[in-house]
Participant: 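Please find one structure pasted underneath; my questions will follow.
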Amino acid sequence: MIRDALADSVLTTLRTLEIDPLPDSVHLERPANREHGDWSTNVALATAKKAGWNPRELAGRIAEMLNADLPAHVTGVEIAGPGFVNFRLHDTWLHEVLAEVVTAGTTDYARPHIGDGETVQIEFVSANPTGPLHVGNGWWCAYGDALARVMTRSGYAVSREYYVNDTGGQIRKLGDSVLARRRGEDVPEGGYPGDYVADVARRYDGPEDATDAGRFAADLILVDIRETLESLGIVFDEWFSQASIEESEAVESTFQQLRASGLVFERDGATWLRTADHGDPREERVIKKSAAEGGDYTYLAGDIAYHRNKLEIRGFDHAINIWGADHHGQVASLRAGVAALGIDPARLEIRLGQMMSLASGRMGKRLGNAVDLSELIADIGADATRFLSLTTSIDQSATVDLDQVRSATMENPVFYVQYAHARICSINKKAADLGVERAPIDEVDLSLLTHERELDLLRTLFELPDVVTAACVDRAPHKVTVWVRELAGRFHGFYHDCYVMGDDVPPELTQARLWLAEASRVGLVVGLDLLGVSAPEEM
RNA sequence: GCCCUCGUAGCUCAGGGGAUAGAGCAACCGCCUCCUAAGCGGUAGGUCGCAGGUUCGAAUCCUGCCGAGGGCACCA
C-alpha cells in the first residue's frame, strides 16, 4: 500500500542520515490542503529535537535524498511550513487503488483483520418488556447492530444479545396494571397506563396473580418489540431471560464464588460486597437483602451472575454492553463484581449512549408523549430511521425534530446516498442496453482517469479500509455514515461532470469510467451494508 | 458535593495533535436537446463556551470556571 511504501522510504532515509533515536513509526497523512501535496509526513518535526537536529534542516535533507531516488508514483518531494515533508504523486497511485477495490470487491475490500476470530458478545437494546419500544429507548439499537456489523467485518465472531428483564418488580407492576384493566378499573399508581395494556388484559384469562399476568403481558410485548427490531433488520442471536438466571442456581453459585473472594461481609442483616478494591466509588454494595427487606438477592447480584454467565460459562472473549447513560451508576459496581469473581474486567466493555431528546421537549412513558419506534419506522422507513440515528456519535445527546424528520423525508441524507447507488445501477443498465461490456480490468487503460472528480472519488475510496478500522476500534460506526455520505457526494459530482457513455466519450474512457463506477458501487454497498441500510437499484 | 458525556455556522451534527475548521437543513443566485434535477455549482454565515497550561504546532491533550444532559438505593 502506498502509505506503507512511503513510510518505509522515509524510514530508510532516516537510517541513512543516522538519525538517533529513530522514530517508532513514520506517520503519513493526506493533507487537507491540496497545495500541500498528496501525502505528507511530520516525521521531521517529531524526531528532530530528540535527535539534535533542526526540524526544517532535517526535512530538507529527507526531501533531498528522496528526490534523488524517487519512490514509486512519487513525482517530487518538498518541504513546507515548520518542517513538513510533502509528497506529490502521479495519479497512477489512485489508478492502483481502483484496481485494488474492484479486484477485492464487496466481500474483500475494507475487511481489516483486527478481531482475528475473537468472540465478542454485544448486548444492546435490552429494554424492559413493559411496553413497546419508543424512539428514546430504541435510538441506539441501530448503533448496536451496526457495531456488530463493523466488528464482524473486522474479523470478530459476534453474537447479538437482548437481555430480557422478565422478572421482578416491574413485571409485577405490569401485571397489576393488566389485572386492574381486566377488572375495568384504572391502573394503579405507578402502573402502566398505555392502551397496549388494555389489549393484553382482553387476552389474559389466567389467574388473578400479578406475576402471572405480568409475564403473560411481557411475552406479548416482547413479540411486538421483536417485530419492531426485525423491521429495522435487527435480529438477535439470543434473547436471554433474566428469570432464567434468577430462578436457577446461577445467582447462588455466583454468590458463593464472591464469598471466596474475601470481599463479602454481613452488616445490618444484609450481605455486602466490597467493591472499592476494584474501583467502585460507592465502595460497598448490598448483594443480598436483609430479612427485613425480603432476603432476596439484589439486581446487582443477578447482573454479576449474568456477566459471569457471559464471560465464564459461555466464555465469550469479550462482552460489550450498550447502555443508556441513565445506567451510568451501575457501571463501576458491575465491573467490580466481575473483577471480584476473578474475571479480567477488561473483557467487559460498557458503552454509554447519551440520552436523545426531542425538539418538541422531553419524552416519557409517564408524560404520555412517548413516540413508538414502530410509528417512526412506519412514517419514514427503516433505512431513514437507521441512518438518522447513525449520523451522530453515541456520546452526543442527539436532539431530534420529529416533525422535520417526517416532512423532510425526501431530503433525508439516506436518500442522497442511496440515490448514488441507484445511479450506478442506472449506468450499468444503460451499458447493458447499449451492449457495452466491461473489459477485464487489466486490459483497461485506467490512466485515462484524470478528471478531478474522478480522482476525488478514488481518494475517498482509498479511505474506506481506514474508516472501517477506526469505526471498529473506536466503536464508532457513525464514521462509516460520515464516509458513505462523502463517497456519495463524490460520486454525484463525477456523475454530473463525467459522462460514462455518450457520443463524445471515447470507448476507452467509457471502459475506465465503468470500472470507476463499479469501484464506487463496491464502496457504497460495503458502507451501506455496515450500517444495515439497503442499496436500492432504483428510486 | 462527587462521577460521566456534551458545548463547533441561524438549526441538527461531523472533525478529537498538524498547515486556510466542514457537511446537511434553512436563506439567496445559477445549471437539464445528453447515463434518474431525490442531482451539480456559487454566495452568505464561525473569537470552535471562557481562562490558563503542555507542545515546533491546540477546535483537538491537561487544569479550572461557566452552561446543558445523565448518574450517585437493601429499585430494576
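Computation of the quantities below employed the complete heavy-atom set of this structure, encompassing side-chain atoms and omitting hydrogens, waters and symmetry-equivalent molecules. Order of the sequence lines sets the chain letters (A, B, ...), proteins ahead of strands, with each chain counted from 1.
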Participant: Which whole-number value in Å describes the distance from Tyr163(A) OH to A76(B) C1'?
Facilitator: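 Checked: the OH to C1' distance equals 10 Å.
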
Participant: From C-beta outward on Lys479(A), which listed nucleotide comes closest to its side chain: C35(B), G16(B), A14(B)?
Facilitator: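 Comparing C35(B), G16(B), A14(B) against the side chain of Lys479(A), the answer is G16(B).
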
Participant: Contact class for Gln418(A) vs. all strands (heavy atom < 4.0 Å): base, sugar-phosphate, or nothing?
Facilitator: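 Contact class for Gln418(A): none.
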
Participant: Side chain of Asn42(A) only, please: which of A14(B), G18(B), A19(B) is the nearest?
Facilitator: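 That would be G18(B).
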
Participant: Indicate, with a heavy-atom threshold strictly under 4.0 Å, whether Asp474(A) touches base, sugar-phosphate, or nothing.
Facilitator: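 Contact class for Asp474(A): none.
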
Participant: Under 4.0 Å, counting only non-hydrogen atoms across every strand here, what does Ala422(A) touch: a base, just sugar-phosphate, or nothing?
Facilitator: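 Base contact.
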
Participant: Can you check the distance between A14(B) and G30(B), where both ends of the measurement are the C1' atom (answer in whole Å)?
Facilitator: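 That atom pair is separated by 28 Å.
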
Participant: With a 4.5 Å limit on heavy-atom distance, are the side chains of Phe387(A) and Val417(A) in contact?
Facilitator: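 Result yes, sub-4.5 Å side-chain heavy-atom pair found.
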
Participant: Take atom CG of Asn137(A) and atom C1' of G70(B), then tell me their distance rounded to the nearest Å.
Facilitator: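 Computing the Asn137(A):CG to G70(B):C1' distance gives 16 Å.
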
Participant: For Phe255(A) together with Tyr297(A), are the ring centres under 6.0 Å from each other?
Facilitator: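 Yes; Phe255(A) has its ring centre under 6.0 Å from that of Tyr297(A).
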
Participant: Quick check on RNA chain B: between Gly324(A) and Phe84(A), whose nearest nucleotide comes earlier from the 5' end?
Facilitator: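 Mapping each residue to its closest nucleotide by heavy atoms, the 5'-most match is Phe84(A).
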
Participant: If the test is side-chain contact (heavy atoms from CB on, under 4.5 Å), which one of Val400(A), Leu402(A), Asp401(A) qualifies with Gln404(A)?
Facilitator: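 Going through the options one by one, the only one that passes is Asp401(A).
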
Participant: Would you name the heavy atoms of Pro129(A) and Leu174(A) that are closest together and state the gap between them?
Facilitator: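 Reported closest heavy-atom pair: O-CD2, 3.6 Å.
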
Participant: Whole-Å distance between C75(B) C1' and Leu300(A) CG?
Facilitator: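 Taking CG of Leu300(A) and C1' of C75(B), I get 12 Å after rounding.
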
Participant: When the ring planes of Tyr143(A) and Trp140(A) are compared, do they come out parallel, tilted or perpendicular, using 30° and 60° as the limits?
Facilitator: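 Rings of Tyr143(A) and Trp140(A): perpendicular, as their planes differ by over 60°.
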
Participant: What nitrogen or oxygen pairs link the protein and nucleotides 26-28 of chain B at under 3.5 Å?
Facilitator:
from   : atom 1 : to        : atom 2 : distance (Å)
A26(B) : OP1    : Glu411(A) : OE1    : 3.3

Participant: Using a distance-only test with no angle check, is there a side-chain donor-acceptor pair under 3.5 angstrom linking Glu266(A) and Thr271(A)?
Facilitator: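 The criterion, which ignores hydrogens and geometry beyond distance, is satisfied for Thr271(A) and Glu266(A).
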
Participant: Summarise protein proximity over nucleotides 37-49 of chain B in one line of letters, 5' to 3': B for base, S for sugar-phosphate only, - for none, counting protein heavy atoms closer than 4.0 Å.
Facilitator: SBBSS--------

Participant: Go through the structure and list residues passing ring-ring contact (aromatic ring centres under 6.0 Å, His included) with Trp515(A), not counting sequence neighbours.
Facilitator: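 If we apply the ring-ring contact (aromatic ring centres under 6.0 Å, His included) test to Trp515(A), skipping adjacent residues, there are no hits.
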
Participant: Any chance the side chains of Ser244(A) and Glu247(A) put a donor and an acceptor closer than 3.5 Å?
Facilitator: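 Distance-only check fails for Ser244(A) and Glu247(A).
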
Participant: Just by distance, no angles: are the side chains of Gln418(A) and Ser534(A) close enough, under 3.5 Å, to form a donor-acceptor pair?
Facilitator: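 Yes, side-chain donor-acceptor contact under 3.5 Å.
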
Participant: Considering only heavy atoms and no angle criterion, is a donor-acceptor pair shorter than 3.5 Å present between the side chain of Asn33(A) and the base of A21(B)?
Facilitator: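 No.
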
Participant: Evaluate the ring planes of Phe240(A) and Tyr306(A), with Trp represented by its six-membered ring, and classify them as parallel (under 30°), tilted (30 to 60°) or perpendicular (over 60°).
Facilitator: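 Because their plane-to-plane angle lies in the 30° to 60° range, the rings of Phe240(A) and Tyr306(A) count as tilted.
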
Participant: Looking at C75(B) and Tyr299(A): do their rings stack (centroid distance under 5.5 Å, interplanar angle under 30°)?
Facilitator: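 Tyr299(A) ring does not meet the centre or angle cut-off for C75(B); no stack.
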
Participant: Once you apply a heavy-atom cut-off of 4.0 Å, does Cys425(A) come out as touching a base, just sugar-phosphate, or nothing?
Facilitator: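 Result for Cys425(A) = nothing.
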
Participant: Is RNA chain B part of any stem, that is, at least 3 consecutive Watson-Crick or G-U pairs with both distances under 3.5 Å, and where?
Facilitator: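 Detected stem regions: B:1-7 with B:66-72, B:10-13 with B:22-25, B:27-31 with B:39-43, B:49-53 with B:61-65.
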
Participant: Can you check whether Thr399(A) has a side-chain N or O nearer than 4.0 Å to OP1 or OP2 of C13(B)?
Facilitator: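 Result: yes.
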
Participant: Start at the 5' end of RNA chain B and walk down; is the nucleotide closest to Pro31(A) or to Gly168(A) reached first?
Facilitator: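 Whichever sits nearer the 5' end wins; that is Pro31(A).
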
Participant: Using the P atoms only, state how far C13(B) lies from A19(B), rounded to an integer number of Å.
Facilitator: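 That atom pair is separated by 25 Å.
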
Participant: Can you find a side-chain donor-acceptor pair between Gln170(A) and Tyr192(A) that sits under 3.5 Å?
Facilitator: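 Yes, side-chain donor-acceptor contact under 3.5 Å.
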
Participant: List in chain and number order the residues that pass ring-ring contact (aromatic ring centres under 6.0 Å, His included) with Tyr416(A), two or more places apart in sequence or in another chain; answer none if no residue qualifies.
Facilitator: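 ring-ring contact (aromatic ring centres under 6.0 Å, His included) check on Tyr416(A) returns His492(A).
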
Participant: Just to verify, what does Ala59(A) make a side chain to side chain contact (heavy atoms under 4.5 Å, CB included) with, not counting sequence neighbours?
Facilitator: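 Applying side chain to side chain contact (heavy atoms under 4.5 Å, CB included) to Ala59(A) gives Ala44(A), Ile79(A), Val85(A).
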
Participant: Please give the distance between the C1' atoms of G16(B) and A59(B) as a whole number of Å.
Facilitator: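 Between the two C1' atoms, the distance is 8 Å.
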
Participant: What is the distance, to the nearest angstrom, from the CG atom on Asn412(A) to the P atom on G24(B)?
Facilitator: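 One finds 14 Å between P of G24(B) and CG of Asn412(A), rounded.
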
Participant: On a whole-Å scale, what distance lies between the C1' atoms belonging to C34(B) and A44(B)?
Facilitator: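 Those two atoms are separated by 33 Å.
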
Participant: Considering residues at least two apart in sequence or located in another chain, which fulfil the ring-ring contact (aromatic ring centres under 6.0 Å, His included) criterion with Phe494(A)?
Facilitator: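 Partners of Phe494(A) by the ring-ring contact (aromatic ring centres under 6.0 Å, His included) criterion, ordered by chain and then number, come out as Phe491(A).
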
Participant: Between G45(B) and A58(B), how far is it from one C1' atom to the other, in whole Å?
Facilitator: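 It works out to 24 Å between them.
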
Participant: Enumerate all atom pairs, one protein N or O and one N or O from nucleotides 72-74 of chain B, separated by less than 3.5 Å.
Facilitator:
from   : atom 1 : to        : atom 2 : distance (Å)
C74(B) : O2'    : Glu293(A) : OE1    : 3.4
C74(B) : O2     : Ser290(A) : N      : 2.7
C74(B) : O2     : Ser290(A) : OG     : 3.0
C74(B) : N3     : Ser290(A) : OG     : 2.9
C74(B) : N4     : Asp268(A) : O      : 3.2

Participant: Classify every nucleotide of nucleotides 3-8 of chain B by which part a protein heavy atom approaches to under 4.0 Å, writing B for the base, S for the sugar-phosphate alone and - for neither, in 5'-to-3' order.
Facilitator: BSSS--

Participant: If the glycosidic angle is within 90 degrees of 0 it's syn, otherwise anti, so just tell me which one C4(B) is.
Facilitator: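 Base orientation relative to the sugar is anti.
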
Participant: Select base, sugar-phosphate, or nothing to describe what Val500(A) touches, counting heavy atoms under 4.0 Å on all strands.
Facilitator: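 Touches a base.
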
Participant: Taking only residues two or more places apart in sequence or in another chain, which ones pass salt bridge (Lys or Arg N to Asp or Glu O under 4.0 Å) with Arg285(A)?
Facilitator: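 Counting only residues at least two positions away or on another chain, Arg285(A) forms no salt bridge (Lys or Arg N to Asp or Glu O under 4.0 Å).
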
Participant: Please determine whether any donor N or O and acceptor N or O are separated by less than 3.5 Å between the side chain of Asp401(A) and the base of U12(B).
Facilitator: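 Answer is no: no donor-acceptor pair is held.
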
Participant: Atom CG of Asp433(A) to atom C1' of C34(B): distance rounded to whole Å?
Facilitator: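 Distance, rounded to whole Å: 15 Å.
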
Participant: Give one of base, sugar-phosphate or nothing for Gln330(A), where a contact means two heavy atoms less than 4.0 Å apart.
Facilitator: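 Gln330(A): base contact, heavy atoms under 4.0 Å.
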
Participant: How is Ser40(A) classified with respect to the nucleic acid when contacts are heavy atoms under 4.0 Å: base, sugar-phosphate, or nothing?
Facilitator: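 Here Ser40(A) touches the bases of the nucleic acid.
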
Participant: May I ask you to decide whether Glu463(A) forms a salt bridge with Arg459(A), counting only side-chain N to carboxylate O separations under 4.0 Å?
Facilitator: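 Not counted as a salt bridge, because no side-chain N and carboxylate O are separated by less than 4.0 Å.
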
Participant: Please identify each residue that fulfils side-chain hydrogen bond (donor to acceptor under 3.5 Å, both in side chains) with His307(A), with sequence neighbours left out.
Facilitator: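 Partners of His307(A) by the side-chain hydrogen bond (donor to acceptor under 3.5 Å, both in side chains) criterion, ordered by chain and then number, come out as Lys310(A), Asn321(A).
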
Participant: Determine the interatomic distance between P on G24(B) and the same-named atom on C3(B); round to the nearest Å.
Facilitator: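 The same atom, P, in both gives a distance of 40 Å.
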
Participant: The criterion is salt bridge (Lys or Arg N to Asp or Glu O under 4.0 Å); which residues satisfy it with Arg423(A), sequence neighbours excluded?
Facilitator: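 Checked Arg423(A) against salt bridge (Lys or Arg N to Asp or Glu O under 4.0 Å); zero matches.
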
Participant: With side chains defined as the heavy atoms from C-beta onward, is the minimum distance between Leu17(A) and Ile62(A) less than 4.5 Å?
Facilitator: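 The answer is yes, as the side chains (C-beta and beyond) meet within the 4.5 Å cut-off.
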
Participant: Taking the P atom in each of G7(B) and C50(B), what is the distance between them to the nearest angstrom?
Facilitator: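 To the nearest whole Å, 13 Å.
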
Participant: Within the pair Lys49(A) and C56(B), is there a side-chain N or O less than 4.0 Å away from OP1 or OP2?
Facilitator: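 For C56(B), OP1 or OP2 has a side-chain N or O of Lys49(A) closer than 4.0 Å.
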
Participant: Could you work out the separation of U12(B) and G64(B) based on their C1' atoms and round it to a whole Å?
Facilitator: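 The answer is 30 Å between these two C1' atoms.
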
